[in-house]
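Only one structure is covered here, and it is reproduced in the block below.
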Amino acid sequence: MASLWLDTAPPIGFDEAGRRDADVAVVGAGITGLMTAALLAGRGARVVVLEARDHVGAVATGNTTAKVSLLQGDRLHRALGLARRDAVEAFVEGSIAGQSRLRSLLAARGAPAEERTAISFAFTPAGVAALEREVEAARGLGIPVESSGAEALPFRVAGAIQLIEQAQVQPVAMLAALAAELREHGGRIVRAAVRSVRTVGRGVELETGSGVWRAGTAVLATGSPVPARATSALLTASRSYAAAYRTSAPLPEPMAISVDSPSRSIRSAAGPGGAVLVAGGPGHAVGRHADPRRLVDELDRWVRSYWPDAERTHVWSAQDYATPDLLPWIGARPGSRGRVLLATGFDKWGMSSGAMSAIALAGRIAGEEPEWARTLRRRGTTIAALGQAAGAFGAVVAADARATASALKPASTPAEGEGELGREGLRLVATSTVDGETRRVSAHCPHVGALVAWNTQDRSWDCVAHGSRFAPDGSRLEGPADCPLRALRRAPREPVAG
């Protein structure tokens with residue numbers, strides 16, 4: 001099912017390819033890509049945005065809960081424990097700049113963001129302690145977070161903190177405004193699936209399914225840049241779920257998110273027949289949950305415990321990536337001589353981090369990189385962040401071992417909507433049945449060879465290592481893999497004993 005945002009906003013069309021060259025080629029038409037392109041085009045650069053999907057915003061941006069906030073759960077105090085303080089200060093400065101620039105751009109295009117109070121809340125004493133640390137961290141960084149807000153929530157909590165004058169958006173409408181800004185300055189959005197990006201001479205070449213594009217600089221704004229094995233190995237990929245509900249009960253005025261379990265997020269939004277509740281929060285490391293359908297069922301039950309007549313109208317999911325120190329990576333791909341830039345690691349806060357990244361990337365390309373952006377990309381790695389990365393690597397090894405153990409049984413035909421790993425001869429296969437059709441593909445992700453697992457909610461094969469995702473037929477959906485799962489036609493012969 002499409003997200004509420006994709007279902008209720010007019011589609012953003014594509015432009016004719018025309019000349020296959022530009023000053024800057026941006027890969028990915030989400031918030032980071034389109035805002036970077038719009039800022040550069042406004043400076044006079046010739047810019048093209050290359051988007052692989054049928055619809056602009058079809059991946060992360062169109063499947064977010066779309067909060068534009070400096071209060072991001074309890075992220076600041078956790079980042080201060082993992083990164084250098086000057087890097088966190090730079091992140092805050094960049095977030096303020098990104099939020100301000102995005103809101104002013106949308107207002108100028110006649111599509112202003114809705115101002116809201118942002119609330120972080122807790123269900124448990126441990127969560128309350130985290131909120132107290134977050135208030136201290138935020139105030140120390142110049143953000144006027146207040147220890148209040150519980151009274152504005154429609155359910156009982158153990159504690160809450162709030163920050164006024166934040167914002168929420170309809171993210172696809174936001175992309176439409178960015179697209180209009182880009183096109184007003186001569187930029188283009190072209191449908192093309194980029195297969196590789198390489199430095200050639202003084203520029204770059206981008207190989208796509210419809211030909212080669214040339215540019216002076218390329219920007220990879222695709223969540224997990226492709227190909228970038230070193231980068232993706234240090235990212236933790238998570239998948240989270242959200243839904244929209246029609247209800248006659250009062251809707252929340254603020255936008256709010258929990259800092260403990262159960263993970264819950266709420267806001268209001270405009271729906272097809274009037275205002276709706278948007279609730280989200282439940283999630284898991286990609287490829288590492290036995291049955292994600294249960295998470296959506298739990299979300300439904302939780303919503304109906306406070307809005308008894310709630311009727312779900314939409315359900316969707318999105319993928320996010322976190323760095324070891326919880327701060328975004330905005331810089332150059334290793335070995336590209338500064339000609340292939342990327343932004344990733346937004347840790348579920350893509351609206352503010354995407355806007356911040358756009359300012360940093362456009363500034364660097366134009367020779368006007370903000371000082372905060374330079375500090376952020378040169379921050380280095382702390383011992384605490386190295387420990388976090390080691391833990392993430394250990395989790396990948398453990399997840400792959402569990403998947404291997406479950407795949408040693410003989411392959412069979414799953415029931416409708418199901419998928420499973422199994423042994424077919426000497427190889428491991430991933431078999432699924434969707435819409436009455438059973439398909440067999442390789443069980444090994446082509447990125448680094450880790451195994452995939454079936455996502456019962458999204459009906460996809462998800463890599464347990466770095467978050468690449470594939471359709472039942474093996475075609476690539478997203479993530480760092482740059483090719484599909486290999487389709488399998490027939491089983492190899494078993495070896496003959498003796």
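Count residues from 1 along the sequence. Since this is a predicted model, take the numbers as computed values, not measurements.
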How far does CZ of R75 sit from CG of L327, to the nearest 0.5 angstrom?
->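 Reported value, rounded in 0.5 Å steps: 6.5 Å.
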From T217 OG1 over to I365 CD1, what is the distance, rounded to the nearest 0.5 angstrom?
->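 Here the rounded value is 5.0 Å.
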Basic-acidic side-chain contact under 4.0 Å: [X], [Y]:
X	Y	result
R374	E371	yes
R312	D300	yes
D297	R293	no

Pairs touching residues 51-60 that satisfy side chain to side chain donor-acceptor pair (under 3.5 Å), sequence neighbours left out =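 Applying side chain to side chain donor-acceptor pair (under 3.5 Å) to every pair that reaches into residues 51-60, excluding sequence neighbours, yields D54-R191.
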Distance-only side-chain donor-acceptor flag, [X] / [Y], under 3.5 Å:
X	Y	value
S352	Q72	yes
Q162	S148	yes
D325	T323	yes
E134	S120	no

Partners of R214 by side chain to side chain contact (heavy atoms under 4.5 Å, CB included), sequence neighbours excluded?
->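 Residues passing side chain to side chain contact (heavy atoms under 4.5 Å, CB included) with R214: E205, V212.
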Can you tell me which residue pairs pass the ring pair (Phe, Tyr, Trp, His ring centres under 6.0 Å) test with a partner in residues 238-283, sequence neighbours excluded?
-> Y241-H284
